[in-house]
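Below is one structure; the comments refer to it alone.
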Amino acid sequence: MPPRLSPTVRQQRLGIELRKMRERVGVTPKNLAVTIGTDLPKISQMENGKSGISAERLRIWARTCGCPEGPYLDALLAMTQDRRKYWWDGYRGRMPSAIVDIAEMEHHATSLSILNSTLMPGLLQTPEYAAAVFERLPASRRQEAEVRTAFRIRRQQIFVDRPKPYTAVLHESALRMQFGGPEVLRRQLLSLLENSERPGLEIRVIPFSVPTYTGSGEALYLARGPVPQLDTVQIELTHGPQFVHSDAELASYRRIKEKAAAIALGTAESRDFIRALLKDFA
């Protein structure tokens, strides 16, 4: 089978974990190729996510690298066996791959939490708010804006199809940014209140009255994996989403989110805050 031209973030992540496993004990790609019965280029392709690995070969790889049986290896084995096509695959080629990969990340996460200070999280946006966000794209990319809006709204089906704990810590500035104008924002805030009543969905606000805090200005999205080693942080940048996997960076971003959550209003207080904010649009 030829190498994948554009591996998904999840496929790349499996390759990253294979390389970490090998480098941790100093096994060379050449020796590993001999052990699992393949060639050197194939090892490189596996570690880059451009080629899959069978469950049998993964077990040999793990034993060679001293990785014990347990939840971590089980999670990697599950990644090798998932070859289904999902709804988001229909968007590949129509949108930047990294944006499509967000839906893949959300689907496989055990819980989701986001810290945002500029706009509503995608999973909580109303269709008209989302459309207003993408109006910033140049006119030449108007069709892409329509596709991206539809994709963002389709992602929200996860609350129905695959519900999981979801926490949004939002700075007051995100609640006041008027994408689409005041009426669009009013309906968005009402929708936010409705969503805050969903089981397992927590919305918390950091008001302007709170002094500067670690992570202010950040847009961080943490997807918990089946084991902590497989957590992922997605950072929103001007050129598009960036996914972070290294142990040190994950630890740093977990601390940022924990500190932000510690100073945010509680869930009931946050609802009261949003209701009070709505009075500005009465």
Side-chain angles (χ1 to χ4, degrees), residues 13 71-72 102 105-106 108-125 129 133 155-156 158-159 162-179 185 188-238 241-280:
R13 181 60 180 280
Y72 172 67
I102 295 173
M105 177 191 79
E106 290 169 338
H108 292 287
T110 58
S111 68
L112 298 161
S113 60
I114 191 164
L115 169 64
N116 213 326
S117 60
T118 56
L119 74 167
M120 303 291 175
L123 288 185
L124 301 177
Q125 291 179 8
Y129 184 99
V133 169
R155 282 170 48 207
Q156 297 173 6
I158 194 171
F159 290 133
R162 202 175 177 86
K164 60 195 66 183
Y166 178 92
T167 300
V169 177
L170 307 176
H171 193 268
E172 182 178 347
S173 55
L175 303 181
R176 290 185 176 274
M177 194 76 73
Q178 293 190 18
F179 290 99
L185 179 58
Q188 173 63 71
L189 292 173
L190 286 170
S191 176
L192 198 64
L193 280 175
E194 291 175 8
N195 275 313
S196 72
E197 301 290 346
R198 287 179 181 268
L201 199 156
E202 182 179 21
I203 295 173
R204 300 179 60 196
V205 176
I206 301 177
F208 284 137
S209 58
V210 172
T212 301
Y213 57 94
T214 303
S216 58
E218 298 271 16
L220 307 178
Y221 197 7
L222 173 61
R224 297 280 186 185
V227 292
Q229 300 98 306
L230 295 179
D231 287 357
T232 297
V233 166
Q234 181 240 316
I235 306 170
E236 196 64 42
L237 300 174
T238 301
Q242 177 178 326
F243 297 86
V244 175
H245 310 297
S246 77
D247 295 340
E249 288 178 306
L250 285 174
S252 175
Y253 287 126
R254 286 191 198 104
R255 286 194 295 271
I256 289 174
K257 291 183 70 61
E258 288 167 2
K259 289 180 179 179
I263 61 172
L265 300 177
T267 53
E269 292 174 296
S270 294
R271 288 192 192 100
D272 290 341
F273 188 94
I274 295 170
R275 291 189 188 100
L277 190 58
L278 271 164
K279 293 178 182 178
D280 294 345

With side chain to side chain contact (heavy atoms under 4.5 Å, CB included) as the criterion, how do R176 and D280 come out once you've worked through the C-alpha distance, each side chain's angles and the decisive distance to 0.1 Å? CA-CA 10 Å; R176 290 185 176 274; D280 294 345; 3.5 Å; yes

Looking at every non-hydrogen atom in both residues, tell me the closest pair between [X] and [Y] and how far apart they are.
X	Y	value
Y166	P121	OH-CB, 3.3 Å
T110	K164	O-CB, 3.7 Å
A109	L112	CB-CD2, 3.7 Å

[X] versus [Y]: any side-chain heavy-atom pair under 4.5 Å?
X	Y	result
T267	I203	no
P241	I102	yes
Q125	V133	yes
Y129	L192	no
L185	M120	yes
F179	Q188	no
Y221	E106	yes
H171	N116	no

[atom1] of [X] to [atom2] of [Y]: how many Å apart, nearest 0.5 Å?
X	Y	atom1	atom2	answer
L189	L175	CG	CG	6.0 Å
L170	L115	CG	CG	8.5 Å
Q229	L250	CD	CG	10.0 Å
T167	R204	OG1	CZ	8.0 Å
S270	E172	OG	CD	11.0 Å
S209	L265	OG	CG	7.0 Å

Taking only residues at least two apart or on different chains, which pairs with a member in residues 252-261 satisfy side chain to side chain donor-acceptor pair (under 3.5 Å)? D231-R254

Consider side-chain contact (heavy atoms from CB on, under 4.5 Å). Of V169, L222, L220, which one does S113 pass it with? L222

Give me each pair satisfying salt bridge (Lys or Arg N to Asp or Glu O under 4.0 Å) with a member in residues 110-125, each pair once, sequence neighbours excluded. none

Scan for salt bridge (Lys or Arg N to Asp or Glu O under 4.0 Å) pairs involving residues 265-274, sequence neighbours excluded, and state none if there are none. E197-R271, D272-R275

Strictly by modelled atom types, are T232 and R13 linked by a side-chain donor-acceptor pair under 3.5 Å? yes

When you look at V233 and E249, which way does the side chain to side chain contact (heavy atoms under 4.5 Å, CB included) test go after all the steps? CA-CA 9 Å; V233 166; E249 288 178 306; over 6 Å; no

